[in-house]
Amino acid sequence: MNKLLVHGGTRLRGEIWASGSKNSSLPILAAVLLCDGTVTISNLPVLEDVITFKELLAALGVKVIAYDGGNLEVDPRCANSLTAPYELVRKMRASILVLGPMLTRYGQANVSFPGGCAIGSRPVDLHLRGMEAMGAKIEISDGYIRATCSNRLIGTRIALSSVSVGATENLMMAAVLADGTTILENAAREPEILDLANCLNRWGARISGAGTNRIIIEGVDKILGGGFEVMSDRIETGTYLAAAVATRGKMKISRTDPTILDAVLKKLAETGARIKFGNDWIEIDAENRRPRSVNVHTAPYPGFPTDMQAQLTAVNSIAEGIGIVEETIFENRLMQVQELNRMGANIAIAGNSAVVTGVDRLKGARVMASDLRASASLVIAGLVADGETLVEEIYHIDRGYEGIEEKLCSLGAKIKRVNQ
Ligand code: UD1
């Protein structure tokens, strides 16, 4: 099993570029199923989740014409299966995103019910209730969601009872080919939703209001597909910036978008780091400065992202003072805490908050986390710690960080993949 061996104590210095966004790539790959022509997606990150999604599309009969890692050309017109099987869905919860596109395009979809995962129960009731409101019949049997509609889905007004990125994406895609207009109220506002809407519009859909909490989708008879370049990954950018602060380094990240990282950049500036940015780059200077602790409260966009919470916990663990990190989105997303404490951090859990008392030094250890962002926080801790840290179960990291050891090594880190 692959592990990452980190030799701590090096300040990160240098320049890297941001990869394409994982959380934008996956819904865009699902949207392929809506199209009546070939599709070319570029700037895809080379990640396990993207590869799994490509396999899922292939399992549904989508023809992969060309794939070189960053670019994928497919022909969805040959799709011939309406079942997203358990073996693929269990690897990646985002597979649920094929439900809306398949249902609206073919009038039927069978998707293995995605279970809970390490960070919480993660229900999909909002996805299902929204599709029912559009006229779908939903049954759950043998661990599968079986959705059908007699003719087309019918556009309607759907007020989501809570903010969900996945439900907003799934319902937006379902509405693209529905009969009439759908209005999604209390929609999530994440930049990845805007990217998906831009992509769908490029391919022939009629969506307005994405990026606000009211999205209006006028159904069309067909969308033809075409090309689209995926946006940059704001969480990857944020993770490297957090690593720069933790290691008291200096870093420039290009091909990124500072305007969608506002909440994260504000918090990193509160640690005492100096931040400059232009249209598509961010520079952070935390050299020779111990970070100050910050309080973090996760919230839907434009609030502080839950996907950056673990990384800020790691920064706080070696910062000056006490920082309180409150997780409000998922019920079980402080799993990095136990492992950080094994490295000498001083973190107490109080309900859904981590109370982090900064320590002067962390000590390398053998650690393991059971989700993607928690694993990234352990790499950050390992970069700062004295001695060696062995991060196990790094398939989590490979789900979300393209070439993490290459990028970190280019910044001067001592990190390598080992098989032991
Ligand atoms: C997406 C992101 C994930 C990020 C999360 C929150 C992708 C592939 N994943 O996940 O990285 O951490 O947004 O920003 O883009 N909920 C319900 N019922 C539902 C759906 C969600 O109760 O039907 C709840 C969830 O349990 C959770 C909250 O809503 O408490 C937010 O979940 P959601 O925004 O749906 O997250 P994902 O789309 O799964």
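Counting convention: from 1, in listed order, for ligands and their atoms alike. Residues take their numbers from the sequence shown, with the count starting at 1.
Both the backbone and the side chain of Val165 come within 4.0 Å of ligand 1, counting heavy atoms alone. Within the 4.0 Å heavy-atom criterion, neither part of Ile235 lies near ligand 1. Contacts between Asp307 and ligand 1, counted as non-hydrogen atom pairs separated by less than 4.0 Å, involve the side chain only.
Contact between Arg333 and ligand 1 is present, with at least one heavy atom of the residue lying under 4.0 Å from the ligand. Remark: distances from the non-hydrogen atoms of Arg122 to ligand 1 include one below 4.0 Å.
With Pro114, Ser24, Pro123, Gly166 as candidates, the residue nearest to atom 17 (C) of ligand 1 on a non-hydrogen basis is Pro123.
Nearest protein heavy-atom contact of atom 2 (C) of ligand 1 is Asn23 ND2, 3.6 Å. Scanning the protein for heavy atoms near atom 6 (C) of ligand 1, the closest one is Thr306 CG2, 3.7 Å. For atom 18 (N) of ligand 1, the closest non-hydrogen atom on the protein side is Asp125 OD1, 2.7 Å. For atom 35 (O) of ligand 1, the closest non-hydrogen atom of the protein is Ser164 OG, 2.6 Å. Nearest protein heavy-atom neighbour of atom 23 (O) of ligand 1: Leu126 N, 2.8 Å. At the top of the distance list for atom 29 (O) of ligand 1, counting protein heavy atoms only, stands Val163 O, 4.0 Å.
Geometrically, ligand 1 and Lys22 share no nitrogen or oxygen pair separated by less than 3.5 Å. The shortest N or O to N or O distance between Glu169 and ligand 1 is not under 3.5 Å. The N/O atoms of Ile329, backbone and side chain alike, include one that comes under 3.5 Å of an N/O atom in ligand 1. Geometrically, ligand 1 and Ser162 share no nitrogen or oxygen pair separated by less than 3.5 Å. For Phe330, no nitrogen or oxygen atom sits less than 3.5 Å from a nitrogen or oxygen atom of ligand 1, counting backbone and side chain alike.
When each of Thr313, Asn352, Thr306 is paired with Glu327, the side-chain hydrogen bond (donor to acceptor under 3.5 Å, both in side chains) condition holds for Thr306 and for no other.
Side-chain contact between Tyr301 and Pro191 is present, with heavy atoms from C-beta onward closer than 4.5 Å.
With hydrogens and angles ignored, the 3.5 Å screen pairs no side-chain donor or acceptor of Asp36 with any backbone N or O of Lys222. A donor-acceptor pair under 3.5 Å is absent between the side-chain atoms of Glu406 and the main chain of Glu402, judged by distance alone. With hydrogens and angles ignored, the 3.5 Å screen pairs a side-chain donor or acceptor of Asn295 with a backbone N or O of Ile324. Put simply, the side chain of Gln336 never gets that close to the backbone of Leu378: no donor and acceptor are under 3.5 Å apart.
Cation-pi check for Lys54 over Tyr67 is met; the charged atom lies under 6.0 angstrom from the ring centroid and within 45 degrees of its normal.
Going from atom OG1 of Thr168 over to atom CE of Met173 covers 10.5 Å, rounded to the nearest 0.5 Å.
A donor atom on one side chain and an acceptor atom on the other are found under 3.5 Å apart for Glu331 and Ser121. Inspection of the Ser21 and Asn23 side chains reveals no N or O donor paired with an N or O acceptor under 3.5 Å. Side-chain contact, Gln309 with Glu326: no donor N or O sits under 3.5 Å from an acceptor N or O.
Checked for salt-bridge contact, Glu48 and Arg399 miss the test: no charged N lies under 4.0 Å from a carboxylate O.
Protein heavy atoms are found less than 4.0 angstrom from atom 21 (C) of ligand 1.
Of all atoms in ligand 1, numbered sequentially from 1 with element shown, those under 4.0 Å from a heavy atom of Val124 are 19 (C), 23 (O).
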